Q: 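This is the structure, below, for whatever I ask next.
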Amino acid sequence: MQNRPHARSTPQRPRFSPDFSRIIGENIPDALLVYHLAPDYPIRYANEKFLSLLNYDFQDFMRQTGGCLLNVVHPEDRERVQAALEAFCRQGETCSVEYRALQKGGGFLWLRAVGKKTLSEDGTPLAVSVCADITELVGLRHQAKPETVPLQTFIDSLPCGICKVKANDDLELVYANTFFYDMLGYTRADVEKQGFSNVKSCIYPADLEMVRQVVRENVQQRCAFFELEHRLFHQSGKVLWGRISCSYDPAEPDMLTCALFDITLRKTMEEKLRISEEESRIAFQHTDKVMVIYDPGARALFQPQEAASALGLPAVVHGVPESVVARGIVAEESVENYLKFFHAMQQGIPHGSATLKLKCKGTFEWFSCRYTLIFSKEGKPQRGIISYENVTEQREKELAYQKWIQSFKAQQENSIGYYEFNLSKNTYEGNERRNSGALPPDVKSFSGMVNHIARHYVYEKDLPDYLNVFDREKLLGKFYSGQCEIQLEHRFIGAQGVVYWVAARIQLVPDPFTQDVKAFILIKNIDAQKKRELELQSLIEQDELTGLLNRGTVVKRVSETLRLSGAGAWHGLIMLDVDNFKLVNDRFGHQYGDQLLRDMADSLKQVLRRKDLCGRLGGDEFVVFLTDIPPELALEKKLEVLRRAAARYCQAGLKITASLGLARYPQDGKSFSDLYEKADMALYEAKRLGRDRYVIYTPALEAQRASAGLFTRP
């Protein structure tokens, strides 16, 4: 195999897929090599520890080898290594091979490389290879040859358990050194006495199937070297943890040579550390914070799996912060602050904080981040302890607050008044635009503003509605019940007493820092728009002939008044019908009859109060609704006034009169239909008694009518 350097640019250090972090786990090996599973096996990555074994820096290494793995291998070993790599590419997930690696300057050392397949982020097949320096071990193998040192004596002197077992499910024991038996609490005499014939009996039952499976897979794949960690029984009954390094020689296809190391102490410390970390993690969960660790020297970020998954990152991220930015996890507006946050740790600044927008579970959210550095004895930054929590809700409140402020301020140009208040504290906080609605200097509260505007600017008839809406306690109640925007249209008294319509808009926003309720008030002139609306409303609600309310409108307004009436309210519904109106139309024509109805409508409006309702139901039938009848009002007198207002003389001395029927709320009915029916019954009685009169409904009237069999008007 000839050395074939390739003309290619020096590759940059890559980013790796989440599988890379999973493979190396928590214990990063002494030396690491990543290469493509493609012809010539191009090298993708070599860490500093691998390079130091061969006395290279990264640039020299790539230049001397041409970025090709086989050019690292001693010429005498290349054919064997290439065969192993080709078998690795065709089948199997792992590859173990020993070879001499060429060093800078002409020397070499022995490496044992254990590789595993994975994929890069773009789907390219890769192998991640853990490389161990076994130069000393190879030397020991030569020393162990029988012709140089008695083999038994040498093996028994090794400070680890050595055994040879059959590669079957029982793991039959062929040979073991003294140290192996000592580790498990046996002597050779015990072994001979108890018939210690297989390793299976020493393995913790829950781990046995895993051990068998690993042995079976590696033998099938003809892996020359593999390792296991599992529990073992000591003769005393206590449980040990062992690390077993297994060597497989295809020349002895049914045998394994194993080295056993007691790692119980290490496992105990790992478990204590795991529990400590778990306790810390739970403690952080109770504070709604997450803790991660940053190594400024290695530029590596270590984070809990759950937090890493939420951000779409592996548990260990290298090349931080630039690699995280390159993944698109940091929002564009936070990139600068994100880089500064981590660079500050690299520069040794002891403490720092930042508010950053990061992609979490597919959407960008806000996080408040803080760090504290731990320094080495030499004063170098060693670890950054970072805590962060999701503050999206708080941040959105801040942004919404600013948005509302900007929104209202942007509308000041077309307003006649703009005010900012702390409604919780009842304080006035300013009006940057000193327009016609500016408050005098002595007005320093929301209540003061309401009183000042009520006295000087609100039209008298709209004053009750204004004071009801601009009630501080009611506004706070509406905010806490979820209503944040309130509007009121009312008439405004401007300069020289000119009255026009305005719209007052109140926006209630919580202060994100103090949680006080802020009130932003904007007042705009809507006079032209409001007058058009009122004109249109009049056309919709009025009877075209008389100008009174039409049937639909009067039914709607009466029904609404009844619905909102509280205990103690008294109202009256009056039905009014023109007597002998058909005779007028027949004698004088419909045009004369229409004018008669218009005149009668005008007369009725003149004798009614502003809050009473009067409408035409159709033909010559009118309805009058007396709202909030005071107890002292004599209904008979009111009915008589209406009867006289309706009466008039026509041509040829013909006198026109009207009959009226009254029903009262609530004793006669609580809905429009009930009151209409009772008032119509009373009207019928007035007609029956001779017309030109009024009748007030009583239950006796209904009984009398039913007994007489009278159900229609005469």
Side-chain angles (χ1 to χ4, degrees), residues 288 366 391-412 414-493 501-526 530 560-561 563-569:
D288 294 326
W366 288 97
V391 293
T392 302
E393 184 177 354
Q394 172 70 13
R395 185 67 174 174
E396 287 179 349
K397 287 180 180 179
E398 295 174 14
L399 295 176
Y401 181 71
Q402 294 300 324
K403 178 182 177 181
W404 281 118
I405 290 177
Q406 295 304 319
S407 172
F408 270 72
K409 288 183 178 180
Q411 299 179 53
Q412 289 187 66
N414 299 319
S415 69
I416 62 173
Y418 171 75
Y419 314 98
E420 298 177 13
F421 292 92
N422 185 318
L423 200 61
S424 299
K425 295 179 179 176
N426 195 22
T427 55
Y428 177 47
E429 295 191 341
N431 177 0
E432 293 183 5
R433 174 179 164 80
R434 288 290 169 178
N435 47 34
S436 59
L439 299 175
D442 61 329
V443 175
K444 299 179 179 179
S445 67
F446 177 82
S447 303
M449 179 275 295
V450 172
N451 292 333
H452 173 78
I453 292 181
R455 286 197 308 270
H456 298 284
Y457 298 107
V458 181
Y459 189 66
E460 181 181 3
K461 292 183 178 181
D462 296 337
L463 195 55
D465 289 340
Y466 178 84
L467 294 175
N468 181 60
V469 170
F470 280 81
D471 182 285
R472 175 171 166 267
E473 294 300 327
K474 289 182 178 178
L475 286 174
L476 287 171
K478 288 179 179 179
F479 171 79
Y480 290 118
S481 65
Q483 186 177 354
C484 295
E485 186 171 335
I486 299 95
Q487 296 195 55
L488 172 68
E489 295 179 355
H490 66 86
R491 282 161 289 188
F492 192 87
I493 304 173
W501 282 93
V502 299
R505 181 185 176 192
I506 308 170
Q507 185 67 45
L508 304 176
V509 181
D511 188 306
F513 305 103
T514 65
Q515 297 305 309
D516 289 346
V517 179
K518 297 294 189 75
F520 300 93
I521 302 173
L522 192 68
I523 301 175
K524 286 191 171 185
N525 186 333
I526 60 165
K530 186 65 177 180
E560 183 68 12
T561 301
R563 186 180 67 83
L564 297 175
S565 295

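Scope of the values below: all heavy atoms of this structure, side chains included, with no hydrogens, waters or symmetry mates. In what follows, residues are counted from 1 in the order of the sequence shown. Keep in mind it's a predicted model, so treat the numbers as computed, not measured.
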Q: Which residue is it: Arg505, Gln507, Met449? I am looking for the one with a side chain to side chain contact (heavy atoms under 4.5 Å, CB included) to Ile521.
A: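 The single option meeting the side chain to side chain contact (heavy atoms under 4.5 Å, CB included) with Ile521 is Met449.
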Q: Of all heavy-atom pairs between Leu467 and Ala454, which one has the smallest distance, and what is that distance?
A: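 Closest approach of Leu467 to Ala454: CD2-CB, 4.1 Å.
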Q: Let me see the working for Leu522 and Tyr419 under side chain to side chain contact (heavy atoms under 4.5 Å, CB included), right down to the final yes or no.
A: CA-CA 7 Å; Leu522 192 68; Tyr419 314 98; over 6 Å; no
Q: State, with a plain yes or no, whether a side-chain heavy atom of Val458 is found less than 4.5 Å away from one of His490.
A: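 Yes - at least one pair of side-chain heavy atoms lies under 4.5 Å apart.
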Q: If you round to the nearest 0.5 Å, how far is NZ of Lys524 from CD of Glu489?
A: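 Result: 13.0 Å between the selected atoms.
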Q: Distance-only criterion, 3.5 Å: show the donor-acceptor pairs between side-chain atoms of residues 475-483 and protein atoms not counting sequence neighbours.
A:
unit_1 : atom_1 : unit_2 : atom_2 : d
Ser481 : OG     : Gly477 : O      : 3.2
Ser481 : OG     : Lys478 : O      : 2.9

Q: Identify the two heavy atoms, one from Leu508 and one from Ile506, that lie closest to each other, and give their separation to 0.1 Å.
A: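 So the two residues come closest at CD2-CG2, 3.9 Å.
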Q: Taking all non-hydrogen atoms of both residues into account, name the closest pair between Arg472 and Leu423 and its distance.
A: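 Between these two residues, the closest heavy atoms are NE-O, 2.8 Å.
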Q: Side-chain contact, heavy-atom cut-off 4.5 Å: Lys444 with Thr427?
A: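 In short, these two side chains do not touch, never coming nearer than 4.5 Å.
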Q: Does Phe520 reach the side chain of Val509, with side-chain heavy atoms less than 4.5 Å apart?
A: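 Contact flag for Phe520/Val509 side chains = yes.
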Q: Sequence neighbours excluded, which residues qualify as ring pair (Phe, Tyr, Trp, His ring centres under 6.0 Å) partners of Phe492?
A: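 Checked Phe492 against ring pair (Phe, Tyr, Trp, His ring centres under 6.0 Å); matches are Tyr457, Tyr500.
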Q: Which heavy atom of Gly448 sits nearest a heavy atom of Ser445, and at what distance?
A: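 Where Gly448 meets Ser445 most closely, the heavy atoms are N-OG, 2.9 Å.
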Q: Report yes if the side chains of Val517 and Pro510 come closer than 4.5 Å at any heavy-atom pair, otherwise no.
A: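 In short, these two side chains do not touch, never coming nearer than 4.5 Å.
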Q: Under 3.5 Å, which donor-acceptor pairs do the side chains of residues 459-466 form with other protein atoms, sequence neighbours left out?
A:
unit_1 : atom_1 : unit_2 : atom_2 : d
Asp462 : OD1    : Arg491 : NH2    : 3.0
Asp462 : OD2    : Arg491 : N      : 2.7
Asp462 : OD2    : Arg491 : NE     : 3.0

Q: Any idea which heavy atoms bring Asn422 and Asp516 closest together, and the distance?
A: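 Here Asn422 and Asp516 meet closest at ND2-OD2, 3.2 Å.
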Q: Calculate, to the nearest 0.5 Å, the distance between atoms OG and OH belonging to Ser447 and Tyr428 respectively.
A: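 If I round to the nearest 0.5 Å, the distance is 14.5 Å.
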Q: Tell me the closest heavy-atom pair linking Ile526 and Val502, and the distance in Å.
A: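 Taking Ile526 first and Val502 second, the nearest heavy atoms are CG1-C, 3.7 Å.
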